[in-house]
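Below is one structure; the comments refer to it alone.
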Amino acid sequence: MIWLIGSNGMLGQELARMFDQNKMQWVGTNSEVDIGSSEALETFAASHDSSAGRTGNAASKGKIPAKITWVVNCAAYTAVDKAEEEQERAHRVNAAGPLNIARTARHIGAKLIHISTDYVFGGEPASKTPYDDDARKNPQCVYGLTKAEGEDAIQKEMTQYYILRTAWLYGFSGANFVYKITSLMNGKQELKVVDDQRGTPTCATTLADVIVKIISSSDNAHSLFGKNAAIPYGVYNCTDSGEASWYEFAQKIYEYGRKHGRITGSCEISSCTSAEFPQKAKRPAWSVLDKTKIQSALHIKLPSWESSLEKFIKSDRFKAN
């Protein structure tokens, strides 16, 4: 049984869909179980073994739930600028929450998958070398700092964990850059987008697919080594492949949007600097992540961000206003 924390979020909803498709039994929780409270988490975990709970797939509804063997934490405080003012709230969700979840997972003997971010790195533009999984963390804003603290807490608290760092995430459910830019392009004739921040746009389906593969590889492992072994515990970078600036990302959204009928008007996109759009929180100027480790461990090739984006835009699940 998989306990999916943050099941109503963008990634959580994508995971729920994939769990159902793969007939994986899961139970989802959101704000009704406060991850900032260790007692709330322990209470849910204890009660789940003795009552039907709120399960996600039809196969498990109405039955006594199986033992929780996996905890997937998709919950996060992601309002980057607002975090500069709401530091306590950001810390409660991004740092204290993962600590409490790790303690609960360890207590019930479950493995943990936790989602982190490229913001744990400093983003120095001069490097131009993708950050590997073991690179030194140097967050530059409250959001990045609290996410880094969450990583540290998990690593100190337990050993059976997978921390997946992702970046520039968008998906079919909830607000995101692709939906926002598509709407703006349908309503404006001119648009400026920053061109001095580089990273990797990542579709939630890519990340969700990797999470399903990690769980499956572990649950179906038949050996300690080779293709039939579970991937080793630890920290893994996980985004789509390639790199882009927000400006280049926007250009591709326009290209694919026009191609597949999502953008019907004409919009001129021009580049600008971050200084032209000052924000409270400092963003990484460079946050490209090296994905060699996760690809090698799972024997996969992550899709390019361009191919993921086009597939997303032309999907019948696409629903930008």
Side-chain angles (χ1 to χ4, degrees), residues 1-30 33 48 52-76 105 110-115 162-164 166 169-176 178-179 201-222 227-231 236 238-241 256 260 262 291 294-295 297-320:
M1 169 68 79
I2 303 162
W3 178 4
L4 178 56
I5 298 175
S7 61
N8 285 346
M10 183 169 63
L11 177 59
Q13 290 190 52
E14 195 63 41
L15 271 172
R17 181 173 177 273
M18 287 194 181
F19 288 160
D20 285 346
Q21 286 180 336
N22 288 277
K23 295 180 170 56
M24 302 166 79
Q25 196 176 30
W26 63 277
V27 59
T29 61
N30 294 282
V33 178
H48 181 72
R54 184 168 62 82
T55 50
N57 51 357
S60 62
K61 287 180 179 177
K63 297 181 180 180
I64 300 299
K67 175 180 171 59
I68 295 172
T69 55
W70 286 91
V71 179
V72 181
N73 180 32
C74 297
K111 303 178 183 72
L112 172 63
I113 296 177
H114 172 74
I115 310 305
Y162 298 98
I163 295 173
L164 303 181
T166 194
L169 197 66
Y170 64 90
F172 292 105
S173 304
N176 60 72
V178 180
Y179 283 165
T202 304
C203 189
T205 55
T206 298
L207 186 56
D209 183 61
V210 166
I211 291 170
V212 168
K213 283 181 168 63
I214 290 173
I215 294 173
S216 298
S217 75
S218 180
D219 288 349
N220 299 318
H222 298 296
K227 290 188 176 181
N228 292 324
I231 77 169
Y236 293 86
C238 185
T239 69
D240 279 319
S241 295
Y256 298 144
H260 299 289
R262 305 301 186 185
K291 280 79 68 176
I294 190 68
Q295 293 184 112
L298 286 175
H299 309 284
I300 61 172
K301 182 177 181 181
L302 292 165
S304 70
W305 71 265
E306 296 96 333
S307 63
S308 290
L309 177 63
E310 182 168 20
K311 187 181 294 185
F312 175 79
I313 289 175
K314 72 179 182 180
S315 170
D316 57 10
R317 297 173 61 202
F318 187 90
K319 54 184 180 183

Q. How are the rings of Tyr162 and Tyr236 set to each other: parallel, tilted or perpendicular (split at 30° and 60°)?
A. tilted
Q. Hey, does the side chain of Thr29 reach the backbone of Ile5 with a donor-acceptor pair shorter than 3.5 angstrom?
A. no
Q) Atom CZ in Phe19, atom CG in Leu4: separation rounded to 0.5 Å? A) 5.5 Å
Q. At their closest point, which heavy atom of Ala110 faces which heavy atom of Val71, and how far apart are they?
A. CB-CG2, 4.1 Å
Q.
Run Ile215 and Val72 through side chain to side chain contact (heavy atoms under 4.5 Å, CB included) and show every step you take.
A. CA-CA 10 Å; Ile215 294 173; Val72 181; 4.2 Å; yes
Q | For the student: nearest non-hydrogen atoms of Phe172 and Lys319, plus distance | A | O-CE, 2.8 Å
Q: Check Trp26 against Ser7 and note the closest heavy-atom contact, atom names and distance.
A: CZ3-CB, 4.3 Å
Q.
With rounding to the nearest 0.5 angstrom, report the CZ to CG distance, Arg17 to Asp20.
A. 10.0 Å
(Q) Can you tell me how far apart OG (Ser315) and CZ (Arg317) are? Round to the nearest 0.5 Å. (A) 6.0 Å
Q | CG on Leu164 to CD1 on Ile113, rounded to 0.5 Å | A | 6.5 Å
(Q) Quick check for you: to the nearest 0.5 Å, what is the distance between Ile294 atom CD1 and Thr239 atom OG1? (A) 11.0 Å
Q.
Contact between Leu169 and Ile115 at the side-chain level, heavy atoms closer than 4.5 Å - yes or no?
A. no
Q.
Angle between ring planes, Phe318 versus Phe312, binned at 30° and 60°: parallel, tilted or perpendicular?
A. perpendicular
(Q) Let me confirm one number: the NZ-CD distance from Lys23 to Gln25, rounded to the nearest 0.5 Å. (A) 13.5 Å
Q. Which atoms form the tightest heavy-atom contact between Leu15 and Cys74, and what is the distance?
A. CD1-SG, 3.6 Å
Q) Do Tyr256 and Arg262 have side chains that get closer than 4.5 Å, going by heavy atoms? A) no
Got a list of side-chain donor-acceptor pairs under 3.5 Å for residues 204-212, not counting sequence neighbours?
{"unit_1": "Thr206", "atom_1": "OG1", "unit_2": "Asp240", "atom_2": "OD1", "d": "2.7"}
{"unit_1": "Asp209", "atom_1": "OD1", "unit_2": "Lys213", "atom_2": "NZ", "d": "3.1"}
{"unit_1": "Asp209", "atom_1": "OD2", "unit_2": "Lys213", "atom_2": "NZ", "d": "2.6"}

Q: Verify, without hydrogens or angle tests, whether Ser218 (side chain) and Ala230 (backbone) share a donor-acceptor contact under 3.5 angstrom.
A: no
Q | Asn176 to Val178 - nearest heavy-atom pair and separation | A | OD1-N, 3.1 Å
Q) What heavy-atom pair brings Leu112 and Ala105 nearest, and what distance separates the two atoms? A) CB-CB, 4.4 Å
Q | Exam field: side chain Asn22 to backbone Met24, donor-acceptor pair closer than 3.5 Å | A | no
Q. So, do Cys203 and Tyr170 sit near enough that their side-chain heavy atoms are less than 4.5 Å apart?
A. yes
Q. Taking side chain as C-beta onward, heavy atoms only, is Lys301 less than 4.5 Å from Gln295?
A. yes
(Q) Tell me if a side-chain donor or acceptor on Ser217 pairs with a main-chain N or O of Ile214 at a distance below 3.5 Å. (A) yes
